Amino acid sequence: QKEVEQNSGPLSVPEGAIASLNCTYSDRGSQSFFWYRQYSGKSPELIMSIYSNGDKEDGRFTAQLNKASQYVSLLIRDSQPSDSATYLCAVKPGTAGNKLTFGGGTRVLVKP
Amino acid sequence: ETGVTQTPRHLVMGMTNKKSLKCEQHLGHNAMYWYKQSAKKPLELMFVYSLEERVENNSVPSRFSPECPNSSHLFLHLHTLQPEDSALYLCASSRGTGDINLHFGNGTRLTVT
């Protein structure tokens, strides 16, 4: 079983719609969760972090965490073509001091 | 983005060559990382340095040799690589190893022929 799993996509979303991305993780002791965005040919950049159950909103982005079900999701409201990228879910396992485990990423395509 | 700079951007090398990747960070961070990103595979952590001291070596083959002369510079020395080592090599930094807000460089696209 992969430690952090994401659907590779592509997730095709009409402009203005909500893009919903999911991520599941295997280490029940994980405490910190992150979403990175990576444009084609560019480096990943951190867009959201979440540490406790529930929702966290930042602009058009909402991260949702459910530790009991071991999943974290990212919602992108009012999707724009500039949101087209690969979104990487990253998890800090409970026992690893300085190691982030990444999922394979979900490619999102926002169509005008 | 000029916080973390990697050179070269692209590198093609034969299996018998020796080359080095360079990373420099201008953020005043104390931790630096090497990650490998292969097609259709998750980002893989290779090495972690904290204040020039290696704190993690994630079971990386010895044909990859890191060097951290100071907290601003990180190198990855390559020798006798295999074609399957072709990938995007990303350098990252953070304030400390307890800070997981990683700042990535733009990477070096390595092709081993």
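Everything quoted here is computed from the prediction, not taken from an experiment.
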[X] and [Y]: same hydrophobic cluster, using ILVMFWY side-chain contacts below 4.5 Å?
| X | Y | value |
| --- | --- | --- |
| A:Phe61 | A:Trp35 | yes |
| B:Val60 | B:Val112 | yes |
| B:Tyr35 | B:Val48 | yes |

Kindly determine whether A:Tyr36 and B:Leu102 satisfy side-chain contact (heavy atoms from CB on, under 4.5 Å), including the steps that lead there. CA-CA 10 Å; A:Tyr36 282 78; B:Leu102 299 175; 3.5 Å; yes

Could you walk me through whether B:His103 and A:Glu45 pass the side-chain contact (heavy atoms from CB on, under 4.5 Å) check? CA-CA 7 Å; B:His103 295 254; A:Glu45 58 177 326; over 6 Å; no

Applying side-chain contact (heavy atoms from CB on, under 4.5 Å) to A:Ser43 and B:Leu90, what does each step give before you reach the verdict? CA-CA 8 Å; A:Ser43 59; B:Leu90 288 162; 4.2 Å; yes

For [X], is the [atom1] atom crowded, meaning more than 12 foreign heavy atoms sit under 6.0 Å from it?
| X | atom1 | answer |
| --- | --- | --- |
| A:Lys67 | NZ | yes |
| A:Arg77 | CZ | yes |
| B:Glu53 | CD | no |

Side chains of A:Leu100 and B:Leu45 in contact at under 4.5 Å (non-hydrogen atoms):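 A side-chain contact is absent here, since even the closest heavy-atom pair is not under 4.5 Å.
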
For B:Gln37, which atoms come within 4.5 Å of any heavy atom of chain A: side chain, backbone, both, or neither?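 Interface part for B:Gln37: side chain.
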
Residue part contacting chain A, namely of B:Arg109, when any heavy atom lies under 4.5 Å: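 Neither; nothing under 4.5 Å.
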
Mind ranking A:Ser8, A:Gly105, A:Gly41, A:Pro44 by heavy-atom pairs under 4.5 Å with chain B and telling me who comes out on top?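 Result: the option with the highest number of such pairs is A:Pro44.
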
Closest contact, heavy atoms only, A:Gln38 versus B:Leu88: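 In terms of heavy atoms, the two residues are closest at NE2-CD2, 4.3 Å.
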
